[in-house]
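A short worksheet on the structure shown next.
Numbered from 1 within each chain, the chains take letters A, B, ... in sequence-line order.
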Amino acid sequence: MNCRDWEERIALYVGGDLAASEAAEVERHVADCAGCQVFASGLKQSLELLREAHQEPLAAAHFAAVRARVLAELAGERRAWWRRAWVYGLAAAAAVALLVAFAVRPGHAPQPRRPEIMGQAGRPTPPEPKVQVAEAAAQPKPVHRRPQGRTGSRQAAPPVLGARVEPVMVKLETDDPDVVIYWIAEIRGDAK
Amino acid sequence: MKALAFLATVGPMDGDRSSAIAAAQAGDLAAFELLMRQHERMVLVTALRLLGNLEDAQDASQEVFLRLYRNLRKVESASNVAGWLYRVTVNICHDLRRRRPRPVALDEIAEPAAAGPDPQRSATEAERRSVLELSLRMLSEKERAALVLRDLEGLSTEEVARALGSSEATVRSQVSKARVKVREFVERYFRRHV
Ligand SMILES: [Zn+2]
């Protein structure tokens, strides 16, 4: 057998990658072959040098830097998630408020403006859902809404004179540019 | 504080890791930080050995851990975290190499540095390190990965095969070729320069 044919096996042998029987064969050949002895010792030596060169430990700061970058990115993603969750929650709350308004005062439900259909094409994808509250700067707090006026007995607080009823439009832009959700709710001027 | 409380509640290493995974899955960033600390050496050092420079290796590590966070469900058991991380590290380093190719420059061998208690000695050490780093660059990407995982990370041939998505026979062939090439490069260099 040509020494060239032993190369691969010797290279595996020096790394401890041969089964016992194969290793024994290699050892027998190397013991009788000066050229393969040199080849084997050169392999062992370069492997040792390589391992030595990679022994040096990395400074702790290098690991800390990676950790900090990962955690900062995850924390940022989480903030964005909560912002989104808040927007969807707000929209849902507005919807509930609207339903309550209809249920409690079926005859006096404010005529909501019809949801506008947005143009379909060419709209840039918004980076995150946004809420645009039309007209009133007041935050809708549907949980605290009270039925207003002439429904009489079940009302928890007397109506405030001069309180204004303002339709508030919540526009929700989703990640899909073709889907825009509008919630029309009513906010009383005294809501604070 | 949260991390400390968490550390106090977990027991030995393996349970530690499983609980860290479970807690991180539930959104506990402190638990995820603990998980990172347990594996950061492995990931960054492997990336450095695969890529050859710290800046790229840190970018790769960051990507590996972000991917880990998004795939915690896939690595539920502590036993396969390391295997999963090795595989993803190799893949991410591969992608990064494609995006930022760094040509091999033979004049990169370190200049003798006059630092350290014995300038002569530290100079030769630095030089030797550069020679060995260069020898890794002479390898194909697959050969380098196989050599790094088998000879420097100490994985078994089977584990290397799993990390590289290839067969054990292929890994053995790549490892042996890589060892022969490193020997040739190192010997040629030192015969000429020493
Ligand atoms: Zn021979």
Apply the test side-chain contact (heavy atoms from CB on, under 4.5 Å) to residues A:R69 and B:F65: give CA-CA distance (whole Å), side-chain angles for both, the deciding distance (0.1 Å), then the verdict.
CA-CA 10 Å; A:R69 275 152 60 177; B:F65 283 117; over 6 Å; no
Say whether A:W6 and A:V38 are linked into one hydrophobic cluster, either directly or through other cluster members, by side-chain heavy-atom distances under 4.5 angstrom.
no
Output the distance between atom CZ (A:R9) and atom OG (B:S176), rounded to the nearest 0.5 Å.
11.5 Å
Let me check something: do B:M42 and B:V90 share a hydrophobic cluster, defined by ILVMFWY side-chain heavy atoms less than 4.5 Å apart, either directly or through other members?
yes
Stepwise side-chain contact (heavy atoms from CB on, under 4.5 Å) test for B:V186 and A:L50
CA-CA 9 Å; B:V186 169; A:L50 189 67; over 6 Å; no
Among A:K44, A:E7, A:R51, which has the most heavy-atom pairs under 4.5 Å with chain B?
A:R51
If you define the side chain from C-beta out and look only at heavy atoms, does anything of A:H54 sit under 4.5 Å from B:L136?
yes
Heavy-atom contact with chain B under 4.5 Å, split by part of A:E56:
side chain
Applying a strict 4.5 Å limit to non-hydrogen atoms, the region of A:E8 in contact with chain B is both
Under 3.5 Å: donor-acceptor pair, side chain of A:R67, backbone of B:E33
no
Which heavy atom in B:V175 sits nearest to a heavy atom in A:D17, and how many Å separate them?
CG1-OD2, 4.2 Å
Can you tell me which portion of A:L58 sits under 4.5 Å from chain B's heavy atoms? Options are side chain, backbone, both or neither.
side chain
Heavy-atom proximity to chain B below 4.5 Å, by part of A:L47
side chain
Find the distance between CG (B:L44) and NE2 (A:H62) and round it off to the nearest 0.5 Å.
8.0 Å
Do B:V64 and B:L51 land in one hydrophobic cluster if side-chain heavy atoms of ILVMFWY residues count as linked below 4.5 Å?
no
With a 4.5 Å cut-off on heavy-atom pairs, point out which of B:V43, B:V45, B:V180 contacts chain A the most.
B:V180
Over all heavy atoms of both residues, which pair between B:Q58 and A:A65 is shortest? Give the atoms and the distance, please.
NE2-CB, 3.9 Å
Is there a side-chain contact between B:L66 and A:E73, using heavy atoms and a 4.5 Å cut-off?
yes
Between B:E184, B:R172, B:R179, the one whose heavy-atom pairs under 4.5 Å with chain A are most numerous
B:R179
Minimal heavy-atom distance between A:F63 and B:R41, with the atoms involved, is CE2-CA, 3.4 Å
Could you walk me through whether A:V70 and B:F32 pass the side-chain contact (heavy atoms from CB on, under 4.5 Å) check?
CA-CA 10 Å; A:V70 171; B:F32 186 69; 3.9 Å; yes
Check the hydrophobic clustering (I, L, V, M, F, W, Y; side-chain heavy atoms under 4.5 Å; chains of links allowed) and say if B:L48 and B:L152 are grouped together.
no
Quick check on the interface: out of A:E77, A:Q55, A:Q45, who has the most heavy-atom pairs with chain B under 4.5 Å?
A:E77
Just wondering, are more than 12 heavy atoms of other shown residues or ligands nearer than 6.0 Å to NZ in B:K177?
no
What part of B:S156 is in contact with chain A, defined as an atom under 4.5 angstrom from a non-hydrogen atom: side chain, backbone, both or neither?
neither
In short, A:A53 meets B:L132 closest at the heavy-atom pair CB-CD1, 3.5 Å
Might you point out which heavy atoms bring A:L71 and B:L29 nearest each other, and give the distance in Å?
CD2-O, 4.1 Å
For B:T157, which atoms come within 4.5 Å of any heavy atom of chain A: side chain, backbone, both, or neither?
side chain
